[in-house]
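Notes follow once the structure below has been shown.
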Amino acid sequence: MGGVPLQPSKGAKSMSNLSNDTKINEMCDAMLKSGRWTLTRHSKHPILRHQTKGASKFFIVPCTPSDPRAFANFRRDYNRYIRAFLIQTGVIYPQPETIN
């Protein structure tokens, strides 16, 4: 079951209206503008896929989030993934654990 890749409309302020939450929408637009993420729409939710060598992550975008912490959770998951990806590719090194 493949999705349909979407292209941003020219001259539009926002690339697309992916979510009713404006913060999630802005974050998704920034991810798409970076050129490292592609957007695919499946039956119920849009999906952002990381398109970099060695990348395997995708994020399902909540269209109508009912949880007030939806943006915080989405951002947390993104930051965790990016950190793990940068460690995996050797761009950054994990911090050593400190013992008190």
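Computed from heavy atoms alone, side chains included, the values below leave out hydrogens, waters and symmetry copies. Not measured: the values here are computed from a predicted model.
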Measure the CD-CZ distance between Q95 and R83 for me, rounded to the nearest 0.5 Å.
6.0 Å
Which atoms form the tightest heavy-atom contact between R49 and H42, and what is the distance?
NH2-NE2, 4.1 Å
Rounded distance [0.5 Å steps], CD1 in I87 versus CD1 in I82
11.5 Å
Would you say the side-chain atoms of S19 pair up with the backbone N or O of P62, donor to acceptor, closer than 3.5 Å?
yes
Atom pair CZ (F85) and OH (Y78), whose distance is rounded to the nearest 0.5 Å:
10.5 Å
Atom of R41, atom of P46 and distance for their closest heavy-atom approach:
NH1-CG, 3.7 Å
Can you confirm whether R76 is buried at CZ, in the sense that more than 12 heavy atoms of other residues, nucleotides or ligands lie under 6.0 Å from that atom?
yes
Pairs touching residues 50-62 that satisfy side chain to side chain donor-acceptor pair (under 3.5 Å), sequence neighbours left out:
T38-Q51, H50-T52, H50-Y81
The reported gap from CD in E26 to CG in D21 (rounded to nearest 0.5 angstrom) is 9.0 Å
Could you list who else is in I60's hydrophobic cluster, with ILVMFWY side chains joined at under 4.5 Å, directly or through other members?
I47, F58
Which atom of C63 lies closest to which atom of H45, heavy atoms considered:
SG-ND1, 3.8 Å
Let me confirm one number: the CD1-CG distance from I24 to D29, rounded to the nearest 0.5 Å.
12.0 Å
Quick check: closest heavy atoms across L18 and N25, and the distance to 0.1 Å?
N-OD1, 2.9 Å
Any residue meeting ring pair (Phe, Tyr, Trp, His ring centres under 6.0 Å) with F59, in chain and number order, not counting sequence neighbours:
W37, F74
Rounded to the nearest 0.5 Å, what's the gap from CD1 on I92 to CG on L86? Could you check?
5.0 Å
